[in-house]
Amino acid sequence: MSEVIRVQDLQKIYRMGDVEVPALRGINLTIERGEFVAVMGSSGSGKSTFMNIIGCLDRPTAGSYWLEGEEVATLSADAWAHIRNKRIGFVFQGFNLLSRTTALENVELPMMYNGYASKERHRRAVEVLDLVGLGQRQDHTPNRLSGGQQQRVAIARALVNQPSLILADEPTGNLDSVTSNEIMGLFQHLNRDQGITVILVTHEPDIAEYAKRQIVFRDGEVIADKANEQVLAVRAEA
Amino acid sequence: MRWLMTFRIALRALARNKLRAFLTMLGIIIGVGAVIAMVAIGEGAKATIRAQISALGTNVLIVLPGSNVQGGVRAGTGNVTTLVDSDARAMTRELRSVAYASPVMRRQDQLIAGNLNWGSLVQGVAPEFEQIRDWQIDAGRFLHDGDMDSAAKVAVIGQTVARQLFGADDPIDQVIRIRNIPFRVVGVLVGKGQTGQGQDQDDTVMIPYTTMQKRLMRITYVQSIVVRAVSAEKVAEAQEQITLLLRQRHRIAEGREDDFTVRNLSDIAEAAQSTAQVMAILLGSVAGISLLVGGIGIMNIMLVSVTERTREIGIRMAVGARSRDIMLQFLVEAVVMAATGGIIGILLGIGSSQLLKTWAQWPTLVSPSVVAVAFLFSGAVGVFFGFYPAKKAAGLDPIDALRYE
């Protein structure tokens, strides 16, 4: 298996006036293609900072980050935008869909920034909406969709450019347990059947149970990194 | 490709908030509409003044007696007796820059025809007066040289006089009495309407200047001579030559003042034109200010919009929009609003100036250059006032933008 992510001695220090607040104190990690990783930790543990750096949204203060073998921590902002567009799919806690915009157009959004022809955009958006089980609701705007459906649209949007990995930041934080179970089932399905690497950030241990590997952060350091022996199976297929 | 996409993204963003987009555009619509309409009114006024002046004849000169110094006392123009009809004939005969010259005597008199009477302007003129003032004959004939030689008691009357004295009857060969002297009507003039000052040009009677001199006024000099230069370009030359000729004819020694004044209508024309120009500039700048206010409106809404759509900007950045894509999107939104407002404003401006023309009879004139400038200016307003908000949007940190509530 090839490496998707490798970080070495990754550090992030925030400056608040004269005070330096370390958020990450030297992280060393490797994530292989096809893994399903849960990044856990309480708030302030540094897991969000880690996610931002992995997602090419924020720069580390020190250390190196290779994405698929390429050092990306030092690239330009435009190069990062390109990486976020082509190689990383984001799923957020608050769904972050454009309001007053149909599900289809929301899914097409990433393709707007890399020059797909309109027909091709449409075809692929319909394809991934089918994949997440929303083929029938492509013309609905987010306010006419349930939370679970909105998160499915967001997952479709994350998938549409066939990224190397999906970064999901508390994807079930705004959902009830039944819907959470469905969404986690969808991630498992994508990981198992499509071979997509999924990195999930959560502070809920029971959500982390769906992942194959669990990494625990505390005070800016990794305190545990273990394989999940008993991956939680989805109770009802989504 | 990327440009086209950005354009489409911006259009969709605007379509999502139609009412706001329209209200924002309204500032530009009103601004551009006002510019077009105001400039059209100004230009129309200018054109009207130009037309009125050329109807007066821009190549017309007026020679008045005057500035005669007698023992240090300078009489005002018109009160002296230095001009004679042979001066007029000499001008036509000897000066190549002069096309026609005619003595003109004027007095207000009461006209009587049958049991009707009417006060009107009686003008004693030569046959050349017809060409000098561009009069046309409606019926009968104008005065001719024979009338001059015999000091004939004939008259050519204007439309107003014909209407007042003869109503619907044919005035030709009817008799008008002026100061108890009977004049036979030989011609009726085509109506000219009012002058710019509101004087009725058709309220006049023209008789031979010789008749006027001998029978009505009992004088031998003429009150004034009107001259038509061969072209508008030759007016200055004619003015110079007339001055030389008259100094020579009146035997005015070197260094002495003229005993006449030559007036040039194009001076008056220029003054009137520049007044109209000032008015046009004034109207245009007031309208321009409203366009500026419209631009500030766009900036205001764009700033609110950037703050309100911070999350959207964050999402777009997260899925791969570069700073310049965001910048371009907001800039295009501002420009599209300004340009669309500009187009609607242009239509509104043209429409309202047409309306003013039809309903209020204002002489408006929409010039294509003003339309083009207004459109380009509204686009420029969009770029100028959209730039700062767009820059602000592009400078957002995606992490902060995504977290923004």
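Chain letters run A, B, ... following the sequence lines, proteins first, then strands; residues in each count from 1.
Scanning residues 314-330 of chain B against chain A with a 4.5 Å non-hydrogen threshold yields B:Ile315, B:Arg316, B:Met317, B:Ala318, B:Val319, B:Gly320, B:Ala321, B:Arg322, B:Ser323, B:Arg324, B:Asp325, B:Gln329, sorted by number. Scanning residues 375-393 of chain B against chain A with a 4.5 Å heavy-atom cutoff picks out nothing at all. Residues of residues 36-57 of chain A placed with any heavy atom under 4.5 Å of a heavy atom in chain B are listed by number as A:Asn52, A:Leu57. Within residues 296-313 of chain B, the residues having any heavy atom under 4.5 Å from a heavy atom of chain A are, by residue number, B:Arg311, B:Glu312.
Two residues are said to be in side-chain contact when any heavy atoms from C-beta on lie closer than 4.5 Å; B:Asn17 and A:Arg100 meet this criterion.
Other residues, nucleotides and ligands place no more than 12 heavy atoms under 6.0 Å from the NE2 atom of A:His82. When the shell of 6.0 Å around CZ of A:Arg218 is examined, it contains 12 or fewer heavy atoms from other residues, nucleotides or ligands. Within a 6.0 Å sphere centred on CH2 of A:Trp66, heavy atoms belonging to other residues, nucleotides or ligands number more than 12.
Neither the backbone nor the side chain of A:Ile88 comes within contact range of chain B; no heavy atoms are under 4.5 Å apart.
No donor-acceptor contact under 3.5 angstrom links the side chains of A:Thr101 and B:Arg12, judged on distance only.
Of the listed residues (A:Ala77, A:Pro110, A:Gly89), the one with the most heavy-atom contacts under 4.5 Å to chain B is A:Pro110.
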